[in-house]
Amino acid sequence: MKFHEMGQTDLLQATNTSIKQGLTEKEVKKRLEKHGPNELQEGKRPSAIVLFFAQFKDFMVLVLLAATLISGFLGEYVDAIAIMAIVFVNGVLGFFQERRAEKSLKALKELSTPYVSALRDGSWTKIQSKELVPGDIVKFTSGDRIGADVRIVEAKSLEIEESALTGESLPVVKQADKLREPDVSLGDITNMAFMGTIVTRGSGVGVVVGTGMNTAMGKIADMLDSAGNISTPLQRRLEELGKILIVVALLLTVLVVAVGVIQGHELYSMFLAGVSLAVAAIPEGLPAIVTVALSLGVQRMIKQKSIVRKLPAVETLGCASIICSDKTGTLTQNKMTVTHMWSGGKTFKVSGIGYEPAGVFTRDDQEIKPKDEKQLEQMLIFGSLCNTSEIELKNGHYVLDGDPTEGALLTAARKGGFSNDWLQSQYRVITEFPFDSVRKMMTVIVEGKDKKQFVITKGAPDVLIERSSHMMYDGKSALYSGEKKAETEEVLKQLASQALRTIAIAYKPLKSGEKPTMEQAEKNLTMLGLSGMIDPPRPEVREAIKECREAGIKTVMITGDHVETAKAIAKELRLLPKKGRVMDGKMLNELSPKELAEAVDDVYVFARVSPEHKLKIVRAYQENGHVVAMTGDGVNDAPAIKQADIGVAMGVTGTDVAKEASSLILVDDNFATIKSAIKEGRNIYENIRKFVRYLLASNVGEILVMLFAMLLALPLPLVPIQILWVNLVTDGLPAMALGMDQAENDVMRRKPRHPKEGVFARKLGWKVLSRGFLIGAATILAFIVVYHRNPENLPYAQTIAFATLVLAQLIHVFDCRSETSVFSRNPFENLYLIGAIVSSIFLMTVVIYYPPLQPIFKTVPITPGDWMLVIGMSAIPTFLLAGQLLTRKK
Ligand code: ATP
C-alpha cells in the first residue's frame, strides 16, 4: 500500500512513529545512519588537484615555464630552478586563495539552509532540514518550504504551491484524509506535501515518509541545476579590464624587448626579461584577490549579523540610496504589550510589560476586575480563543511561541484571570481561517459548553469596522450606526496617535448546523472593542536612521499598521521630516505607476499597505533611479524582495520563501543591521579599489622602469627573477592586506556610489598612472645614479633599483588607503598591512644579504649610505603627490 492510501494508524505503524511524541533522539540517530542525511546530491566540485593545476593554465605562465625550460637547456640551471620555484609558490598561493574563496562560499550556503519544526522526544524543536528522517513528525505553516516528502495528518486551510515539481503554479488545496486510488499523478496526491514545495496558506502537521534522494524531488534532482556562483558586476568589469590589460602589458613588453634588442641587448636575455615582465605586469591574481576580499567581507558581515546570500549584493549594498523597511520587528522590537482596551464605550488601562501575566486593569485610575466588566471579559476571552500562539514558562521566563500581537492578547487575558487551561475546558475551536496580511484579520469558529457555535474575528480595526453591522454596548447588541462607527474611529485615532498598534475583536453567533465559508464568516459581525498595544522602537534604530541620512540613504517605513500608529512611531524615530508625506494603501491603489513615481520621493511612510503594494513601491523608487533595499518576511513579500536591488529577508520571522528570494538575511531582524551591512558593503568596495589601485600602479611602475631603461640605452635595471620576486612578494601580500583594511572615517558620510560607476571612476585611473610613473621614474633614477658611479658593477645598481622599486611600492600602499590624503589615516591601524610590509622588507633583506641567495637573485649587499638613497628615492612619489595635494587644499 502506498502512503497516500493509508489511514493514520497504518501510516504510523508503517513509519514506526508516534504522533504525540515523535521520534526519540536515539531512534533518529539510527535512522540517520540508515537513510543518510536529507539532502539532494549535488554535482561534483572540481577536486583539489584539478584546482591546483588550473593555476598554471594561464597563458603567460605557460610561456614563462617554456622560457625557463629553454634556459634550463641552455645551462642556466639556477635561473630555471629559481623561476620554477617562484611560479610554483605563486600557484600554491593562488590555489589557497581560490580554495578559501570556495570554502567561504560553501559556508555561506550552509548558513542559509532552511530549518524545520520537528517533534522530537515529545517537544517541538527547530532542526536543520537535512537532519530529517523518515518517521519524523513535522509541522509547517504559510511561507515554509517543505523539507521532505510528508504524508499530511492535519491540515488547516492548507494550500501548497508545487510548481517546482509539477510546473503548476496555482496552489493545491491539501487535506489529511486517505486517498482510494493507488495510482494518482503527483499533482493529485492531495494528502501529501513534497520536498521543495511551498506552503502558501494555512498550516499542517505530517509524518515524513521520504528523505534525500528518496523523494519526488530527489527523483528529478539530476535535472536541477545547482546554479553556479554568480560573479559581481565589479568582478565582471575587472575581468574585462584584465583582458585589456593583458593586451596593453604584452604590447608594452614587446616594445621593451624591441627597443632593448635595437639597443644591442642580447635577444635571449631580452626574451626572458620580457616574459618575466609580462607575467609580473599582467594582474592575473586580481580576480582571486577580489573574490577573497568579497568573501572575507561577507564573513565580517556575518559577525555583524547579516548573511549575504548572493555575492553581487555586497557591491550593490554600497550603492543603496533607499531602504524600505518593515516597521514591526525591524524598526520596533516586536515585543507587544496590551496597554489600553476599549469596549462598550469604556476605556481601560492595563499595567505590566512583556509576556509575564503580572498587571492590573484600571479605569479612571481605579483598579477594576475584568470579570465584573462583562464586555471586557468577553473581549479578553475571545482574544485568546482567536489565537494560534502559546506562552510557556521556561526557566523562570515567559516565552512566546508564535506571533507577538497574539502573545500580547494572551497575556492580557491572563492578567484578567483567564488561563489557557480554563479556556480549553470551556470552549472548543472547530475551524480556523488563518491570519494573512492581505485580509489583515483572522477568524475562528468556536463551540461553547452549551454546544452553541460562534465566529470570532480579530484584525485591523478599520477592516473590522467595515465588516461589522452591530456593536455591543452595555451587554446589548445594537445597530452599528454611522455615529457609533465615528466614535470607534475617534478612539482608534487616539490610540494610534500614541504609537499603539490596534486590534479589533468582533464576533457573531451561528445558527445550529451553519457552516460558513471564510467570506461568509467574516461579514455582518458584531464589534466588541479595541485593544491598543505598545511595541517600543528598537533603541539603536534612531541613530542608524540618522547615519543613513548622512550617508545619503533615505529610510522609508512600510507597514500594514494604522496610519496614525505608523506616523507616531516614525516621528519617534525621527524618520519623518517636516515636509515628509505619509501615504496609505488606498492611495497606493489609486495612483498609476507613473503617478506614484512622481509622488514617491516625498513619501517617508507607507501605512496600511498589503504585501503586493511593496512591489509597486520598489518599482516607483527604481523608476526614479534609486537603488532600493527592501525588507520582507512573508510569502507575499517575495516578489518585492526579488524586484528590489537588495532584497532583505528577516532571519527570525522570515519565511523560507522570503529568505530564498532575498540576497541578504538579517539574523536579528534589526534595521540597524542593514545599516552595518551597507557600511561594510561600501568598505569592501573601497578596499577593492584600494588594491586595484595599488596593484596597477605597481605594475605600471615595473613596466616603466624597464621601458625607461631601454629608451635611455641603459642595461637591464632588473633581472627577470627580481621582477618575478617583486610580483610575488610586494604585490600579493600588501594587496591582500588592503582587502582587509578598515573603513575610512567618512565612508558613511559620502553619497551612495553610482551603480554604473566604472573601475577607474573618481580619478582612480589618474592616480594609477601618475603614481606608477613616479615609482618607475624614482627607480630608474636610483639605478642611474649608482650605475654611473660604478658602471663595472651592474648587479650593484640592479640591487639598488630592486630595493627602490620594492620600497616605493611598500610606501605607496599607505597612499592607497585613502581617497584623499595619505596623512588622513593612522598608518598603524591595519595590522595585516604592517605585517605584510614587515615581512616583505624582511624577505627583501634576506634576498639582498643572505649569501646563498645572492647568486640566484643576482644581488649584492648594499651599504647604509645606499639605503639613504633608496629610502629617499622611494619616498619621493608619495611626498611629491602628498605635497601637491596639500598645496591644492590651501
Ligand atoms: P509590518 O510593519 O512589518 O508590515 P504589520 O504587523 O504592521 O507589520 P501586518 O502583519 O500585515 O503588518 O498586519 C497588518 C494589520 O493586521 C496589523 O496592523 C493588525 O491590525 C492586524 N494583525 C496583525 N497581526 C494579526 C493577527 N495575528 N491576527 C489578527 N490581526 C492581526
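All values derive from a computational prediction rather than experimental measurement. First listed ligand is number 1; within each ligand, the first listed atom is number 1.
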**Item:** Within 6.0 Å of CD in Glu623, more than 12 heavy atoms from elsewhere
**Value:**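 No - once you tally the heavy atoms of other residues, nucleotides and ligands closer than 6.0 Å, there are 12 at most.
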**Ionic contact status for Glu373 with Arg363, cut-off 4.0 Å** = no
**Residue list, ring pair (Phe, Tyr, Trp, His ring centres under 6.0 Å) with Trp124, at least two apart or on another chain** = none
**Prompt:** Phe606: what forms a ring pair (Phe, Tyr, Trp, His ring centres under 6.0 Å) with it, not counting sequence neighbours?
**Reply:** none
**Asked** Checking Gln498 side chain against Gln494 main chain: does a donor-acceptor pair fall under 3.5 Å?
**Response**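 Present.
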**Asked** Does Ser662 offer a backbone N or O that forms a donor-acceptor pair with the side chain of Arg309 under 3.5 Å?
**Response** yes
**Message:** Regarding ligand 1, does Met441 bring an N or O atom to under 3.5 Å of one of the ligand's N or O atoms?
**Reply:**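 No, since none of the N or O atoms of Met441 sits under 3.5 Å from an N or O of ligand 1.
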**Item:** Nitrogen or oxygen of His562 less than 3.5 angstrom from that of ligand 1
**Value:**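 The answer is no, given that His562 and ligand 1 share no N or O pair closer than 3.5 Å.
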Enumerated ligand 1 atoms positioned under 4.0 Å from heavy atoms of [X]:
X: Ala460; result: 20 (O), 21 (C)
X: Glu406; result: 27 (N)
X: Ile503; result: 19 (C), 20 (O), 21 (C), 22 (N), 30 (N), 31 (C)
X: Thr559; result: 1 (P), 2 (O), 4 (O), 7 (O)

Is the closest heavy atom of [X] to ligand 1 under 4.0 Å?
X: Gly329; result: no
X: Thr502; result: yes
X: Met557; result: no

**Request:** Ignoring hydrogens, just give me the one of Lys440, Arg501, Arg608, Arg439 whose non-hydrogen atom is nearest atom 23 (C) of ligand 1.
**Result:**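 It is Arg501 whose heavy atom sits nearest to atom 23 (C) of ligand 1.
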**Message:** Could you work out, for atom 30 (N) of ligand 1, the closest of Gly459, Ala566, Pro611, Pro404 by heavy-atom distance?
**Reply:** Gly459
**Asked** What do we get for Asp403 next to ligand 1 when only non-hydrogen atoms under 4.0 Å count, side chain, backbone, both or neither?
**Response** side chain
**Asked** Does Met336 approach ligand 1 within less than 4.0 angstrom via side chain, backbone, both or neither, non-hydrogen atoms only?
**Response**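 No part of Met336 comes within reach of ligand 1.
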**Item:** Arg538 and its side chain to side chain contact (heavy atoms under 4.5 Å, CB included) partner, picked from Leu331, Thr330, Asp669
**Value:**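 Filter result, single survivor: Asp669.
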**Asked** Atom NZ in Lys616, atom NE2 in His613: separation rounded to 0.5 Å?
**Response** 6.5 Å
